[in-house]
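Residues take their numbers from the sequence shown, with the count starting at 1.
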Amino acid sequence: MKRVFVTVGTTSFDELITCVSAEDSVRIFKSLGYSQLTLQIGRGTVVPEAFSAESFTLDVYRYKDSLQEDLQEADLVISHAGAGSCLETLEKGKPLVVVINEKLMNNHQLELAKQLHQEGHLFYCTCSTLPGLLQSMDLSTLKCYPPGQPEKFSAFLDKVVGLQK
């Protein structure tokens with residue numbers, strides 16, 4: 001069973017939840033061989049109806065003490081661009097698609113996603129380009145993120161947010 005895990009962390013990103021739970025997206029997930037979609041929706045107001053069918057299951061929850069188990073079981077993680085979510089997923093060696101929240105302009109999420117994409121660790125997109133990316137991306141091209149180097153990551157973040165030259 002192949003699983004997709006979608007996380008928005010502690011924020012609300014209704015557009016992403018709406019996009020990944022749309023019929024078209026579910027069809028794409030199925031066509032790629034996924035049979036389970038788990039949505040962690042945070043503070044969002046969009047709460048898709050959970051369902052279980054023969055070929056596909058959709059689970060929805062707001063928060064858990066830890067996302068470890070969901071990340072561990074995922075074959076693909078789709079995440080908002082929060083640094084914590086990105087790092088946790090990459091350190092588990094999971095394929096990651098970061099979806100940029102265009103409503104949060106002038107945030108540093110895009111810089112972070114771009115940089116990690118340039119280094120070959122993840123794919124990134126917006127809600128409108130997610131379906132196309134899902135169909136065209138090749139997860140085998142992603143490079144493993146070197147685990148257990150939080151100081152490198154924080155130096156990288158500092159650089160991205162302009163705290164150091």
Mind checking the [atom1]-[atom2] spacing from [X] to [Y]? Nearest 0.5 Å is all I need.
{"X": "E88", "Y": "T7", "atom1": "CD", "atom2": "OG1", "answer": "8.5 Å"}
{"X": "K103", "Y": "S12", "atom1": "NZ", "atom2": "OG", "answer": "9.5 Å"}
{"X": "T45", "Y": "I17", "atom1": "OG1", "atom2": "CD1", "answer": "10.5 Å"}
{"X": "H80", "Y": "T10", "atom1": "NE2", "atom2": "OG1", "answer": "6.5 Å"}
{"X": "F5", "Y": "Q72", "atom1": "CZ", "atom2": "CD", "answer": "12.0 Å"}
{"X": "L32", "Y": "K2", "atom1": "CG", "atom2": "NZ", "answer": "6.5 Å"}

Counting distance only, does the side-chain N/O of [X] pair as donor-acceptor with the main-chain N or O of [Y] below 3.5 Å?
{"X": "R43", "Y": "T11", "value": "no"}
{"X": "T89", "Y": "S85", "value": "yes"}
{"X": "R3", "Y": "L71", "value": "no"}
{"X": "S25", "Y": "C19", "value": "yes"}
{"X": "K64", "Y": "Q40", "value": "no"}
{"X": "K94", "Y": "A74", "value": "yes"}

Treat each ILVMFWY residue as a node, draw an edge where side-chain heavy atoms are under 4.5 Å apart, and state whether [X] and [Y] are in one component.
{"X": "Y63", "Y": "V6", "value": "no"}
{"X": "L134", "Y": "L58", "value": "yes"}
{"X": "L110", "Y": "V97", "value": "no"}
{"X": "V4", "Y": "V99", "value": "yes"}
{"X": "L139", "Y": "L133", "value": "yes"}

Restricting to non-hydrogen atoms, name the atom on [X] and the atom on [Y] that form the minimum distance, rounded to 0.1 Å.
{"X": "S31", "Y": "I28", "result": "OG-O, 2.7 Å"}
{"X": "L39", "Y": "P48", "result": "CD1-CG, 3.6 Å"}
{"X": "V26", "Y": "S21", "result": "CG2-O, 4.0 Å"}
{"X": "Y145", "Y": "L87", "result": "CE2-CD1, 3.7 Å"}
{"X": "A81", "Y": "V98", "result": "CB-CG1, 3.4 Å"}

Could you check whether D59 and Q36, counting side-chain N and O atoms only, form a donor-acceptor pair closer than 3.5 Å?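 A pair is found: one side chain offers a donor N or O, the other an acceptor, under 3.5 Å apart.
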
Regarding E111 and Q115, do their side chains bring together a donor and an acceptor under 3.5 Å, going by distance alone?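 Side-chain D/A pair, E111 to Q115: absent.
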
Anything under 30° is parallel, anything over 60° is perpendicular, the rest tilted; go ahead and classify H117 against Y124.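 Judged by the thresholds at 30° and 60°, the geometry between H117 and Y124 is perpendicular.
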
Please verify the inter-ring angle class for F29 with Y34; under 30° counts as parallel, over 60° as perpendicular, anything in between as tilted.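 The rings of F29 and Y34 stand perpendicular, inter-plane angle above 60°.
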
Please assess D75 against M1 for the test side chain to side chain contact (heavy atoms under 4.5 Å, CB included), listing each intermediate value before the final yes or no. CA-CA 9 Å; D75 297 289; M1 177 160 77; over 6 Å; no

Test K143 against E119 for side chain to side chain contact (heavy atoms under 4.5 Å, CB included), laying out the working first. CA-CA 8 Å; K143 298 189 184 96; E119 293 173 12; over 6 Å; no

Test log, rule side chain to side chain contact (heavy atoms under 4.5 Å, CB included), inputs I78 and L16: CA-CA 9 Å; I78 298 175; L16 174 57; 4.1 Å; yes

Could you please spell out the steps behind the side chain to side chain contact (heavy atoms under 4.5 Å, CB included) verdict for I41 and V46? CA-CA 8 Å; I41 62 170; V46 171; over 6 Å; no

